[in-house]
Structure formats: C-alpha cells, structure tokens
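This structure is a prediction, so every number in the text was calculated from the model and none was measured. First the proteins, then the strands, lettered A, B, ... as listed; each starts at 1.
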Amino acid sequence: MSQHEQEDMRSQLDEATERRVHHSVPGHSDHGPLHHHTPLHPSDEGYPAEVLAKMQADAADLISRYPQKRSALLPLLHLVQSIDGYITGRGVQFCAEQLDLSTAEVSGVATFYTQYKRHPNGEYTVGVCTNTLCAVMGGDQIFDEVSDHLGIGHDETTEDGSITLERVECNAACDYAPVVMVNWEFFDDQTPDSTKKLVDDLRDGKDVVPTRGASKVCSFKQVSRVLAGFTDGRADEGVGAGPASLEGVKVAAKNGWTAPAAPTTSDDEGAEK
Amino acid sequence: MSTELTPILSKFWDHPQSWTLETYEANDGYKALRKALDQPAADLVDMAKGSGLRGRGGAGFPTGLKWGFLPPPDGGPRYLVINADESEPGTCKDVPLMMAAPHFLIEGMIITSYAIGCEHAFIYVRGEVVHVYRRLMKAVEEAYAAGYLGKDIMGTGLNLDITVHSGAGAYICGEETALLDSLEGRRGQPRLKPPFPAVAGLYARPTVVNNVESIASVPPIVLNGKDWFTGMGTEKSQGFGFFSLSGHVTRPGQYEAPLGITLRELLDMAGGIREGHQLKFWTPGGSSTPIFTDEHLDVPLDFDSVAAAGSMLGTRALQIFDETTSVVRAVSRWTDFYAHESCGKCTPCREGTFWLKQIMERLEAGRGSQDDIDKLVDICDNILGRSFCALGDGATSPITSAVQYFREEFEAGMHTPASELFPPQRSTLFAKETLSA
C-alpha cells in the first residue's frame, strides 16, 4: 500500500468516526444529501510503466467506441476503479490526460456519480436496498442487522478491507424484494439471516453465487473492468429469468393465453399497408 | 370478459438459454428486420405512428411522432440512444427484459436506426446491473458476427454500430437530456428544452432517445403489423406492456398484458394481496406517480384512465402496500430518495426536496408541528411545474397524493412516531410468524 493510500485510509477512519458521532443525533439519518466525503487527493505517485501502458491501450480502445472522446470519461473512471479500487488522484490525472480535460473537469464528473468511490473500497460492495418498497418488505431490518453484524455503517468498510456496506436506491428488482446487491449482482428475496451468512461467506473467501447473475461474484475491481466495457466471458452464466420474472408467463401458460395471432394476409410481404 | 395476458416479449424467457441469438432466431428473431429493410424508411416511421405505440419509459410520448420530429437529413450524423437507466422506484421491467431477451432490443434498434437514418446507436444502461451489461455486450457481439450490425448489413448497404455504455449510479440520468450529457462524459444534469433532442441531442446532433421496452416492442409490431398492435389495449393506449407487481402481493412479478387491464385483474392472477392482509395504497407507475388506494382497483391501467383518476400510468410499476404499512414512512423514504438524487441544477428541486425531507423526517418521528402539513403542500406547490425537469415534479407526487388520501396519518405525525402506529416488523416478509397477532 502506498503512503498516499495509507493516508487516505487514515482520513477515512477519522471521517467514519466523525460520521458515527454525527449519526447518533436522534432523528438524523444517514440517507441524506449532505454526504461527507474524503476529497480526491492529488497523487504524488504515478502508475508503474507497464500498468500505465496497459491502461493507455485500454483507454484507446474505449475512446474508439465513441464519435467524441469525452464520452469515454465514464468508462475510463470505471477503468481507474478496476486498477486502484477507487477514484484516485492519479486516476483523475490519467483520465484528464487521455481526454484533454482538466483534472477539475474530471473530478467534477467523478464526484457526481455514486458508483465512483472517493476512498478505497472493499473487495465487495454489499448494497442493501432501502428505498421504500424494499425497506418496508424488510430491507431496513436487513441493513440494521448486517450493519451491527459487521460493525460498520453506510459507506464504511470493514477493517480487513473485504466489505463496504451501503444503502442503495432502487435497483430495478422490486418483484424480488428485499434485494441486496453484491458488486452489482442480484441477491433476491433476502432475509437478515441470509444476508449475514452472505457477508460471512464473502469474508471467509468462499465463492458466493448471485440469484440472477454470473456463477460467482467477482471482485470490485473485476466488476469495474466489465463496467468499463471489457467483457469477462461470463455472459452465458446464470439464469435468463428468475422465478418472479416468469410469473406472468406461467399464468398465461396455465390458462392457455397467448398473444393474438397476426391478422392473416395473402402474403407475408404485403402485411403492411 | 376479463383481460388475458399476452406474453410477447416475455414469451420464451423460460428457455434455459433465452438470451442467445440462437434462441431468439428460433422464436422469429430478426425476421422483422428483414421485413423492415424491404420497405422505405419513411414507411417504418408511418408504421410506428400508425401503431399508436407510446413511450414505455414513463412519459408515454408517441414513439413514431418522436422519430418523425427529426429534421430532414443534412448529411451529418443522427443518433439513436436507448434509455436503459431503469431507476424509477418500483420499476423493474427493462432489466429482466435485457437479461432474458436482449435481442429484442438489438433488433428494434437496428430497425429504428434504419427508420431514422442513424449509423451509430447507443445503449445507456445503468451501472448497477453488471450481468445485464454482460448480456447486452454479448448480444451486440452476436449481432455483429451474424451480420446484423457493422458495415453493409445483410447486403443492403446500411451501416450501424452499437455502443453499450454503462452509467455510474445517478437516477437523474433517466431524464433524457441528463442522459445525453452523461453520455457525453459530463455530470448528468438536464438541459433546457427547447431545443429538443430531435433537433440538438447527442453532440448537438438530431437524436432519438427511446426507452428499452418501447424499442423492444418494435420488432413484433413490424412482424405482425400495426393492426395487430392496435388490436390490443384501449383506443388511446394501444398495444401491450409489462405490468410489474411488487410488494405485499402473493406472487410479485412481471405480467405482460394489454394496456387497460386493471389492478383487480392483475391481483387475481398474482394470487391477491398476501394472505390475511388488505390493500392499502399502491403506485400505478413508480414512486413519481401519485398513489392510489383500494378505491382505484378497477381503474383501467391505460394512459388516459389513470390520468383521469388523478395519477399517471408511468412505467406500470405497481408497488403494492397492505394495511401494515405506514404511509408517512413510505413517503418519507421516497422523499429521501428524491433529495438524494436531485442533481442540484435548479433551486426549487435542490432546496425544496431538502426541506420536504426534513419535514417528513419530523412527521415520521412523531415530532411534526401544527403547520407541517400545510408547509409540505405549499412547498410541493412551489416545486411542481417550477423545476428544471420532471424529478422535482415526481418528488411532490407521493406527498400531495398521500396527504389527500391519508391526511390523518400525517396529523398523527404531530404526536406519534410512525413506527408505533405501524410497527415495521409487521410489514416485512420474514417476520410474520413471530407476529401473528
């Protein structure tokens, strides 16, 4: 770990302590817009030459996918996280150089999006959905129990660096509530016990299998590389649809319901008037 | 006669390899493309208009009309951008569609690109669903390998590239102009309209932004004809769509049905409200649509009927809550969401959602003051119609509708915490056996 990262970790710890105190104020939740974040530090230390060469090649590939190169900024920030595990100062510098932007422009974008981390992330982000529907169905209780179990709050990381716990917003799986995401893979129909076992397995280094997703949860850095735009060959793993996605199909099959047939016409080519 | 389900996009989701090109082609996949390429592009725009297809992303704007708004070709690029940033609370249809059958979207994009004269199309998918991203990348790869994408598609001289782009966690990027800014590598903040994207969209070029489900519906419409599509649904809300049931319902899930089906019919199919409980309130189309109650079980879920009853069809995201649920708690959490996701560009939304959040927190904790309800309604009145984009409007919907139907629960928030009136454990799915009383 570089000196810079150590410093960053330390400031993160201080911040976490501060936040816990802050949150002990009755009625104050950590769900608000006033996030308290570690600033993006400029790094003194650049990337090692061979890492940089690979990143430059990847960046060139990403930039070539867009008519204007600035469009590659979000992918490049995911790429930085795939190397550094969060958005580092050197990563901001790298993006700025690749895209002819200022570091301020890159930081301005990086700080807008919640998936870009401002401090070292755990190997696994465990995100408990606490938007209304999941919260009511049990997400709040899951978050509270897992938080107690791990001894960390929202946007905090376990001391061993394995897990960052988050409250996440609606992740488009409401028919599987309560939902937990691990590194952006779906864990459907969770309970406090199932989620505690999940985090224990992750900390024990066991392979953990999403409900709908790849055949195992990959690390934060690996997933960041996929999100940057580089496939990992896992698209064919896992199910096509989970049980809730198929409820309508099952009801239709049971009742013999199908979509109406196309109106009959003399020939296929003439079907459109 | 009661409404029947119409599995079209979900028809073969139960196939063990439903997402592959092979499965898609075995289910009429890419036949519509062949048929489309045999027609003049302008006929496809007319077909889309004639089908009555309205945008499936929430606003319900007629899809064909959107295509038709593009100015005449000037030799420069024109873009198609798919809004796959599905993030509206309760909405969970595009993600399973892209995971189970991504080729519907890819084929729809190729047809649409031909119709509007686009040679580079984009899918902006939210970053928080990595497996969906994998499936989309794979589907695009397969389509290139099969000659459906790239140069000289199927010998027609048409060219099309598709770039799959991952967002990074921002609800506001579902707003089409914020999405375009984000796709250009900027903070995802909405743009002032006009100019509309049709005139100056991505890179200030003519651009069509359409929802996943809208474009995935294009191949079946092309294949079966617009009359087939207009034969389903109601007079002004034609065709089919996903109805996503979630919450306190026996079998939550995706139910693909003609527009105009009712919640009562859907609940019948889904096994009703969870056993021993009754419907209290629900959203017809996500958290940004005013809530409904058990009075609205028979409202036809089409654009006009839902609007006439005081809400919006939105994304057909039916979040169902039973009598154990505190309305104040539910609304308070949605308000947290809007405050968290407000992009900060305009004052009414940035400040207003933050004020609303503080008042909702007080009410939920049972520490509300006499004038809090009036203040909530007043702030909502000052956000609605005065913010830069629909996020601000959406933030007011749950509050004003909940006050309208459940004012007494807000009044109780002046003295009693919501958690006392409605113990949260009773609402959870897993604690019911310990609290049978």
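B:Ser244 contributes no side-chain N or O that, together with a main-chain N or O of B:Thr91, makes up a donor-acceptor pair within less than 3.5 Å. With hydrogens and angles disregarded, a donor-acceptor distance shorter than 3.5 Å links the side chain of A:Thr211 to the backbone of A:Asp188. Counting only distance, with no hydrogens or angles, the side chain of B:Thr325 and the backbone of B:Phe321 share no donor-acceptor pair below 3.5 Å. Under a 3.5 Å cut-off, the side chain of B:Thr335 and the backbone N or O of B:Lys357 do not form any donor-acceptor pair. Side chain of B:Ser246 to backbone of B:Gly90: no donor-acceptor contact under 3.5 angstrom is found. Put simply, the side chain of A:Ser107 gets close to the backbone of A:Thr103: a donor and an acceptor are under 3.5 Å apart. Without hydrogens or angle criteria, B:Ser51 side chain to B:Phe229 main chain gives no donor-acceptor distance under 3.5 Å. Not one N or O on the side chain of B:Ser332 forms a donor-acceptor pair closer than 3.5 Å with the backbone of B:Arg329. A donor-acceptor pair under 3.5 Å is formed between the side chain of A:Arg118 and the backbone N or O of A:Thr111. Side chain of A:Glu247 to backbone of A:Ala244: no donor-acceptor contact under 3.5 angstrom is found.
Note: A:Val136 leads A:Thr114, A:Thr191, A:Val136, A:Val249 in heavy-atom pairs under 4.5 Å with chain B. Of all the listed residues (B:Gln319, B:Lys11, B:Glu256, B:Arg350), the one sharing the greatest number of non-hydrogen pairs under 4.5 Å with chain A is B:Gln319. Per-residue heavy-atom pair counts under 4.5 Å with chain A were compared for B:Pro424, B:Gly231, B:Ser10, B:Gly188, and the maximum is reached by B:Gly188. Between chain A and the options B:Gly127, B:Ala330, B:Ala317, B:Ala170, the largest number of non-hydrogen pairs under 4.5 Å is found for B:Gly127. Among the candidates A:Val239, A:Leu73, A:Thr231, the residue making the largest number of heavy-atom pairs closer than 4.5 Å to chain B is A:Val239. For chain B, the option among A:Asp236, A:Val251, A:Asn183 with the highest count of heavy-atom pairs below 4.5 Å is A:Asp236. The candidate from B:Leu183, B:Ile8, B:Leu266 with the greatest count of non-hydrogen atom pairs under 4.5 Å with chain A is B:Leu183. Chosen from B:Ala168, B:Pro77, B:Pro16, B:Ser18, the residue pairing most often with chain A at heavy-atom distances under 4.5 Å is B:Ala168. Note on A:Thr132, A:Thr125, A:Ile142, A:Thr258: by heavy-atom pairs under 4.5 Å with chain B, the leading option is A:Thr132. Contact count versus chain A (heavy atoms, under 4.5 Å) is highest, among B:Arg34, B:Arg186, B:Gln17, for B:Arg186. In terms of heavy-atom pairs under 4.5 Å with chain B, the best-connected choice from A:Gly229, A:Cys134, A:Gly127, A:Ala173 is A:Gly229. In terms of heavy-atom pairs under 4.5 Å with chain B, the best-connected choice from A:Asn171, A:Leu246, A:Val109 is A:Asn171.
With a 4.5 angstrom heavy-atom cutoff, A:Gln190 touches chain B only via backbone atoms. Residue contact with chain B, scored on non-hydrogen atoms closer than 4.5 Å, involves the backbone and the side chain of A:Ala252 alike. Interface remark: B:Ser166 contributes backbone and side-chain atoms alike to the contact with chain A (heavy atom separation under 4.5 Å). For a residue to count as touching a neighbouring chain, one of its non-hydrogen atoms must lie under 4.5 Å from one of that chain's; by this rule A:Ala177 touches chain B with the backbone only. When heavy atoms are compared at a cutoff of 4.5 Å, B:Leu97 does not approach chain A at all. Residue B:Val130 touches chain A through both its backbone and its side chain, counting heavy-atom pairs closer than 4.5 Å. Neither the backbone nor the side chain of A:Tyr176 comes within less than 4.5 Å of any heavy atom of chain B. Neither the backbone nor the side chain of B:Gln358 comes within contact range of chain A; no heavy atom of the residue lies under 4.5 Å from a heavy atom of that chain. Both the backbone and the side chain of A:Pro67 come within contact range of chain B, each with at least one heavy atom under 4.5 Å from a heavy atom of that chain. Proximity to chain B is limited to the side chain of A:Cys218, based on heavy atoms less than 4.5 angstrom apart. Heavy-atom distances place both the backbone and the side chain of B:Trp334 under 4.5 Å from chain A. Only the side chain of B:Tyr79 comes within contact range of chain A, with at least one heavy atom under 4.5 Å from a heavy atom of that chain. Proximity to chain A (any heavy atom under 4.5 Å) is shown, for B:Ser182, by both the backbone and the side chain. For A:Ala253, no part lies near chain B; criterion is any non-hydrogen pair under 4.5 Å. At a 4.5 Å heavy-atom cutoff, A:Ala72 makes no contact with chain B through either its backbone or its side chain. Residue B:His248 touches chain A through both its backbone and its side chain, counting heavy-atom pairs closer than 4.5 Å. Proximity to chain A (any heavy atom under 4.5 Å) is shown, for B:Cys343, by both the backbone and the side chain. Looking at B:Leu245, the atoms closer than 4.5 Å to chain A (heavy atoms on both sides) all sit in the backbone: N, CA, C or O. Neither the backbone nor the side chain of B:Glu364 comes within less than 4.5 Å of any heavy atom in chain A. Looking at A:Leu133, the atoms closer than 4.5 Å to chain B (heavy atoms on both sides) sit in the backbone and in the side chain alike. For B:Tyr171, no part lies near chain A; criterion is any non-hydrogen pair under 4.5 Å. Using a 4.5 Å cut-off between heavy atoms, B:Glu86 contacts chain A through both its backbone and its side chain. At a 4.5 Å heavy-atom cutoff, the contact between A:Met137 and chain B is made by backbone and side-chain atoms alike. Using a 4.5 Å cut-off between heavy atoms, B:Tyr338 does not touch chain A at all.
Going from atom OG of B:Ser87 over to atom CD of B:Glu128 covers 6.0 Å, rounded to the nearest 0.5 Å. The distance from the OG atom of A:Ser245 to the OH atom of B:Tyr255 is 11.0 Å, given to the nearest 0.5 Å. B:Phe337 CZ to A:Cys170 SG: the interatomic distance, rounded to the nearest 0.5 Å, is 7.0 Å. One finds the CZ atom of A:Arg212 at 10.0 Å from the NE2 atom of B:His131 (value rounded to the nearest 0.5 Å).
A 4.5 Å side-chain heavy-atom check between A:Arg167 and A:Asp140 finds at least one atom pair inside the cut-off. A 4.5 Å side-chain heavy-atom check between B:Asp322 and B:Arg274 finds at least one atom pair inside the cut-off.
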Assess whether ring-ring contact (aromatic ring centres under 6.0 Å, His included) is satisfied between B:Phe240 and A:Trp257, documenting all intermediate values.
CA-CA 14 Å; B:Phe240 58 90; A:Trp257 296 337; over 10 Å; no
Step by step, work out the salt bridge (Lys or Arg N to Asp or Glu O under 4.0 Å) result for B:Lys93 and B:Glu88.
CA-CA 11 Å; B:Lys93 63 192 179 66; B:Glu88 168 74 11; over 6 Å; no
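Residue B:Lys138 qualifies as enclosed at atom NZ: its count of foreign heavy atoms under 6.0 Å is above 12.
Using the six-membered ring where Trp is involved, B:Phe122 and B:His120 have ring planes that are parallel, under 30° apart on the 30 and 60° scheme.
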